[in-house]
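Position 1 is the first residue of the sequence, and the numbers go up from there.
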Amino acid sequence: HSTGNQSSPNASAWWSILITFIGATGDILPDSLPSVPGTLPHFMKEPEDAYIIKSNPIKLLCRAVPALQIFFKCNGEWVHQNEHVSREYMDQNTGLKVREVLINVSRQQVEDFHGPEDYWCLCVAWSHLGTSKSRKATVHIAYLRKNFEQDPQGKEVPIKGMIVLHCRPPEGVPAAEVEWLKNEELVSSLTDDNIDTRADHNLIINEARLSDSGNYTCLASNIVAKRRSSTATVVVFVNGGWSLWTEWSLCNVPCGRGVQKRSRTCTNPAPLNGGAFCEGMSVQKITCNALCPIDGGWEEWSAWTLCSVQCERQRRRECNDPPPRHRGKMCDGPSDTTENCTGGMCTQNGKLLHDVKPQSMDGSNDVALYSGLGAGIIAVTVLVVAVMLYRKNQSDYGVDVIDSSALTGGFQSFNFKTTRQGNPLLLNSSLQPDLTVGGTYTSPICFQDSIDNKELFDPLPDIKVKVQSSFMVSLGVADRAEYHAAKGHPPETFPRGLNRDYSNSTVERRSTKKGLLTPNGPHLNPNKDQLGTTGVFGHLGGRLVVPNTGVSLLVPHGAIAEDPSSEMFMVINQGESSVQTEEGFEILLGPEVTYGPPSIDLSRPVAMTIAHCAEVDADNWNVQLKRKTQDNKWEEVMSVEDESTSCYCLMDSSSCHLLLDQPGSYALVGEPLTQAAVKRLKLAVFGSMGSTPMDYSLRVYCVDDTPHAFQGVVATETCRGGQLLEEPKILPFRGNTFSLQVSIQDVPQFLWNIKPFTTCQEFSFSQVWCSNQQPLHCAFSLERYSPTTTQFSCKISVKQVKGHEQILQVYTSVAESKKESVLFFMQTDCTVTSQTGPKAFKIPLSIHQRICATFDTANTKGKDWQLLAQKLHLDRNLLYFAKQQSPSAVILSLWEARHQDTGDLDSLASALEEIGKIQNHSETGLNSTEFNNMHFTVMFR
């Protein structure tokens, strides 16, 4: 046969038969043909494994040289010639002909094949010498399932802890490759030695850092698709640690008993991402005694020295009895003195006086005479000045307060004004006062008992012309020694001049209540003689309210088990305080309140609100919460300024809100730290007719500024038929040991007669400061000169010496006929003392539950219940909230108690709206739209 590219006659015949056979029948050809001279085919490209994606066919390619023909065989069968696509070209480098063959394999072909092996194809090339076979190429249908076999799970790990996130990708062909994303950015172990991505697809962070907090996603992909796992939130938290204590502060008073503080902060490190708060107190207080200045004092004079040649002798004294200490003053006066030691018998030149002429003796006598006269004149002048200063000082203290009208009343005509411009409190025969619009009086009064037709605001009856003024002072609390001595005689603790029946009824209420408030807490059934309330509560909670006392109890959702319901009570101590004060420093700032029964089991703390009368300032007051023990002694629970995990205390300007989990009796006790400590007094003036139609009585009350204390005054005056003549006012009373003066001024002297030196009376400091919610009062008895006098006016001045002053201006008209009763500060809901279920709360239950579910879960940026507390301005003593099972629920209970009177949902809605602006779906599970929905739901509620 020929050489080169020409085939022998036999080879040509074979090819003709082969082509005809494949084209006609497609049957299987022999694996080899008879050898012919030449070179065997060499494959330049063999078919490769391929994957069918969706319904797209794949292409298999073979290229060989030298090759007379190339055919594919799939699964042991020859592929039909018509399915081959062939081309031939000359290799420029070798000069040989290169043959290339291409076939398509469809998805249907692979799916229809059922054999022990995967679908495969190879190609066979022929040359003059024989055949060559290529490698087998497998064909698969590619896919990737949707669901991961194992999704990564979120974790909360401490800093420097190990983080292991597991991931098993979905089944797929070809097998999926796994990558990790953190906050949508690729995580690479090549750039961070702290991160290890294992062959088993797990992600390992050897030592957790704060920067490792984030949202992690496992990403699986192959040639078909990409799949994302669920997001795993990793929170790397830091537990708080205390800083070092600061140095003790200076004593907060310059002299006497005070307080020193030192503090530490939970910043070493600060808790982050929901880490635990530091345990323990952040502030420590100790009492201190600042050394008061001691002024120096002179010792006794020393003995006189011997007489010198100059006829003089000397003596000395030292400023050492005591020596000045602690910034005290030095002694006044000279430390030494000199005198003539010869009784005047030695002259300046040393000659004796008997050598002096008699004329000199006469001159000395004249000098002595004139010196005595001068000394007498000086003494008289000093005496006159002292008397004037004494009278002026007594006038400043109000001993004899006489208004200017007393000097001119007998010489000038008097035109009494029936109206006063701009004063809505003037009472006349046609216009009743509107006492509900005052800017100061904000505590409506509501009575549980009927008023018995007493006209509390009727105009004053006719008053006699003649005045016989008597002033009676209530000894509701005397000096500390008198106060304790009077406890055995209850009637004497009430103001003189009060109705004896009222005193007796109050004593009965005290004794009755003492029986009810035993430590074992028997069942309570309040009646009209007891100031208290009861209610039956279940799992939904509710509220107890003692009307017009500023005292309430909120039982939150879930505090009581679902079955059975429990009966709860709350009562106020109507008698004298049983709280034992220490050395006269501590005073009661609000009523003693008891709730129970003692056997009740609470799963969440209740919120108790108690009104108080202190102007709270941490530098001036040390306010403590005290609780009565089983043996009827009072123990300190906590100081308001301290942090505690047993209870929570929030002081507002007029109320204290407590979170309590133990039933019992509680009281707020204040200890003044400085003389700048202030408690508020409420001042009110009442009037009523005397024993005859010409008599009239004014009564001025000074009572602690709490609704409960003032309600006792109103109840007393209602029984007496008294009428409120002026809107009550507030007087700040300082703890500076100065007394309180009450005086009546500007009474028309030609219509009313006031005895001199009876227009002012004084309460001692201890009476006012230690009144402990008991009212003080003084009374002025008046008579008018003529029945034709139908108008009355005066000023009542209430002033603390070297302190604040308030003026109660009385304007009223006097009529003999009785007027119709005027309703006294009626409330529409004054009889509501117990509410149960959702109606007792401002926040709807569904919103309450959504807020708790959202904020009780920590997230990567710390936007949890701590943020809620911050936005609601309840971000002190967070350690208490951290110890609760649901911090958000307790925070909302405290918010409910704080806003029970106003019903102000705006603050909560604004807080939710502000939080919604900075939240996103991946951080809290609530996007901004859902937050806004909660916000608008709260608003329209």
Side-chain angles (χ1 to χ4, degrees), residues 443-444 446 448 524-526 530-562 564-572 590-591 593-597 600-611 647-650 652 654-666 706-708 711 827-849 851-852 872 874 886 888-905 907-908 938 941:
S443 300
C446 175
Q448 296 176 344
L524 176 69
N525 185 18
Q530 301 165 348
L531 195 56
T533 181
T534 63
V536 179
F537 301 106
H539 186 68
L540 293 179
R543 191 190 303 266
L544 289 175
V545 178
V546 182
N548 306 312
T549 63
V551 177
S552 65
L553 185 73
L554 180 74
V555 183
H557 307 290
I560 299 177
E562 295 189 15
S565 299
S566 298
E567 182 179 11
M568 298 185 66
F569 67 83
M570 181 174 62
V571 292
I572 300 176
V593 182
T594 302
Y595 87 94
I600 192 169
D601 185 17
L602 299 173
S603 58
R604 289 182 181 175
V606 298
M608 178 185 289
T609 297
I610 302 177
C647 60
Y648 189 99
C649 186
L650 175 65
D652 284 340
S654 59
S655 296
C656 178
H657 309 286
L658 306 171
L659 293 177
L660 307 169
D661 53 10
Q662 294 185 16
S665 299
Y666 293 88
T706 62
H708 164 256
Q711 189 185 35
Q827 274 182 284
T828 57
D829 60 345
C830 62
T831 59
V832 178
T833 60
S834 175
Q835 289 181 313
T836 59
K839 63 182 179 180
F841 301 93
K842 307 298 181 183
I843 306 175
L845 180 59
S846 60
I847 297 298
H848 185 282
Q849 293 173 339
I851 293 176
C852 293
L872 295 180
L874 301 174
S886 175
S888 301
V890 179
I891 291 171
L892 293 179
S893 296
L894 187 58
W895 184 92
E896 286 267 7
R898 195 177 194 182
H899 296 86
Q900 59 180 313
D901 294 330
T902 61
D904 179 21
L905 290 173
S907 61
L908 178 60
V938 172
R941 179 73 176 177

_Working note: Leu892 + Cys852, criterion side chain to side chain contact (heavy atoms under 4.5 Å, CB included); need CA distance, chi angles, decisive distance, verdict._
CA-CA 9 Å; Leu892 293 179; Cys852 293; 4.2 Å; yes
*Do the ring planes of His557 and Phe841 sit parallel (below 30°), tilted (30 to 60°) or perpendicular (above 60°)?*
tilted
*Taking side chain as C-beta onward, heavy atoms only, is Pro591 less than 4.5 Å from Val551?*
yes
*So do Leu659 and Cys647 actually touch side chain to side chain, heavy atoms under 4.5 Å?*
no
*Determine the minimum heavy-atom distance between Ile560 and Ser603, stating which atoms define it.*
N-OG, 4.5 Å
_Separation of Leu650 CG from Trp895 CH2 (nearest 0.5 Å)_ = 13.5 Å
*Quick check: does any side chain N or O of Thr836 sit under 3.5 Å from a backbone N or O of Val536, one acting as donor and the other as acceptor?*
no
*Quick check: does any side chain N or O of Glu567 sit under 3.5 Å from a backbone N or O of Thr534, one acting as donor and the other as acceptor?*
no
*Under the 3.5 angstrom rule, does the side chain of Gln849 hit a backbone N or O of Ser846 as a donor-acceptor pair?*
no
*Close side-chain approach of Pro597 to Phe569, heavy-atom, < 4.5 Å*: yes
*Taking all heavy atoms of Gly532 and all of Val546, pick out the closest pair and write down the distance.*
CA-CG2, 4.3 Å
*Measure across Val606 and Pro556 and return the closest heavy-atom pair with its distance rounded to 0.1 Å.*
CA-CD, 4.0 Å
*Please round to the nearest 0.5 Å and tell me the distance separating atom CD1 of Ile851 and atom CD1 of Ile843.*
5.5 Å
*Locate the shortest heavy-atom distance separating Met568 from Tyr595; write the atom from each residue and the value.*
CE-CD1, 3.9 Å
*Any chance you could measure Leu554, atom CG, to Arg898, atom CZ, to the nearest 0.5 Å?*
14.5 Å
_Could you check whether any side-chain N or O of Arg604 sits under 3.5 Å from a backbone N or O of Gly558, counting only pairs where one atom can act as donor and the other as acceptor?_
no
*If you measure from OG1 on Thr533 to CE on Met570, what distance do you get to the nearest 0.5 Å?*
6.5 Å
*If every non-hydrogen atom of Gly596 is compared with every non-hydrogen atom of Pro663, which pair is closest and at what distance?*
CA-CB, 4.0 Å
_Nearest heavy atoms of Gly550 and Pro707, plus distance in Å_ = N-CB, 3.9 Å
*What is the distance from atom CD of Glu896 to atom OG of Ser552, rounded to the nearest 0.5 Å?*
11.0 Å
*If we only count heavy atoms from C-beta on, is the Pro844 to Pro838 side-chain gap below 4.5 Å?*
no
*Give the C-alpha distance, both sets of side-chain angles, the deciding distance and a yes or no for side chain to side chain contact (heavy atoms under 4.5 Å, CB included) between Lys842 and His899.*
CA-CA 9 Å; Lys842 307 298 181 183; His899 296 86; 5.8 Å; no
_Trace of the side chain to side chain contact (heavy atoms under 4.5 Å, CB included) decision for Leu540 with Leu845_ = CA-CA 9 Å; Leu540 293 179; Leu845 180 59; 4.1 Å; yes
*Sidechain-backbone polar pair: His539 side chain, Ala561 backbone, donor-acceptor under 3.5 Å*: no
*Kindly indicate, with the supporting measurements, whether the criterion side chain to side chain contact (heavy atoms under 4.5 Å, CB included) is fulfilled by Ser834 and Leu544.*
CA-CA 5 Å; Ser834 175; Leu544 289 175; 3.9 Å; yes
*To the nearest 0.5 Å, how far apart are OH in Tyr648 and CG in Asp661?*
15.0 Å
